[in-house]
Amino acid sequence: MSLEELERVARQARDNAHAPYSGFRVGAALRSASGRVHAGCNVENAAYPEGCCAEAVAIAAMVVAGEREIAELFVIADSPEPVPPCGGCRQKLAEFAAADARIHMATTGGRRAVMSMRELLPGAFGAAHMGRG
Ligand code: THU
């Protein structure tokens, strides 16, 4: 799947975002090691802290499908600048993405940025710190 296709899936996912509180809809699409694509959108809740980010939902979809490795991720929102994953999502992504995995960020208006997982979360805490890596 090309980057353009990944963007298309992320845009479609964003269309289904449940964001009545922030009004900020986010879509994410990730390609796993097998080549399959898993999508997510943000899902907010009247109890605000219970909301989920688009990236977290895409990760959950990947795990439900029996996969564990993120090859590439695309996240998109209607913002002036490409939206980077929040701190919590960086940690969630680092669980399943190698340090050189590419995280693409885009605006609905067509701006793009890309960073590696290593750049997004340098010095990440991981399984190795517990002697499990
Ligand atoms: N949000 C995401 O889904 N992903 C991000 O990378 C940044 C923030 C969501 C969470 C919340 O529903 C809304 O955007 C505003 O913070």
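Heavy atoms only: backbone and side chains are in, while hydrogens, waters and symmetry mates are out. First listed ligand is number 1; within each ligand, the first listed atom is number 1.
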By number and element, which atoms of ligand 1 are closer than 4.0 Å to a non-hydrogen atom of Val26? 1 (N), 2 (C), 3 (O), 4 (N), 9 (C), 14 (O)

Please list, in number order, the atoms of ligand 1 under 4.0 Å from a heavy atom of Ser22. 13 (C), 15 (C)

Heteroatom proximity flag, Glu55 to ligand 1, N/O under 3.5 Å: yes

Proximity to ligand 1 by part of Ala77, non-hydrogen separation under 4.0 Å: neither

If you count the atoms of ligand 1 from 1 in the order shown, which ones are under 4.0 Å from a heavy atom of Pro84? 6 (O)

Report yes if Ala54 has an N/O atom closer than 3.5 Å to an N/O atom of ligand 1; otherwise report no. yes

Can you confirm whether something in the protein, heavy atoms only, sits under 4.0 Å from atom 12 (O) of ligand 1? yes

Donor-acceptor pair, side chain of Arg11 and main chain of Thr108, under 3.5 angstrom: yes

Write out the residue and atom name of the closest protein heavy atom to atom 7 (C) of ligand 1, then the distance separating them to 0.1 Å. Val83 CG1, 3.9 Å

Shortest protein contact, atom 9 (C) of ligand 1 (heavy atom only): Asn42 ND2, 3.6 Å

Do Arg25 and His18 have side-chain heavy atoms sitting under 4.5 Å apart? no

Could you tell me if the side chain of Leu6 sits less than 4.5 Å from the side chain of Arg31, heavy atoms only? yes

Pairing donors with acceptors under 3.5 angstrom, does anything connect the side chains of Glu44 and Ser22? yes

Enumerate the atoms of ligand 1 whose separation from the nearest heavy atom of Glu44 is less than 4.0 angstrom. 11 (C), 12 (O), 13 (C)

The option among Gly40, Pro20, Cys53, Gly23 carrying the non-hydrogen atom nearest to atom 8 (C) of ligand 1 is Cys53

Could you tell me which atoms of ligand 1, counted from 1 in the order shown, lie closer than 4.0 angstrom to a heavy atom of Pro85? 6 (O)

Do Asn42 side-chain atoms and Ala19 backbone N/O form a donor-acceptor pair below 3.5 Å? no

Going by the side chain to side chain contact (heavy atoms under 4.5 Å, CB included) test, name the single residue among Arg36, His38, Glu55 that passes it with Leu30. His38

Measure from the side-chain N and O atoms of Glu119 to the backbone N and O of Ser116, and report whether any donor-acceptor pair falls under 3.5 Å. yes

Less than 4.5 Å apart, side chain to side chain, heavy atoms only: is that true for Ile103 and Pro85? yes

So does Arg112 pair up with Glu7, basic N to acidic O under 4.0 Å? yes

Are side-chain heavy atoms of Glu67 and Phe96 found at a separation under 4.5 Å? no

Below 4.0 Å from ligand 1: does a non-hydrogen atom of Ala28 turn up there or not? no

Would you mind checking which non-hydrogen protein atom is closest to atom 16 (O) of ligand 1, with the distance to 0.1 Å? Phe24 CD2, 4.8 Å

Measuring from the heavy atoms of Gly51, does anything fall under 4.0 Å of ligand 1? no

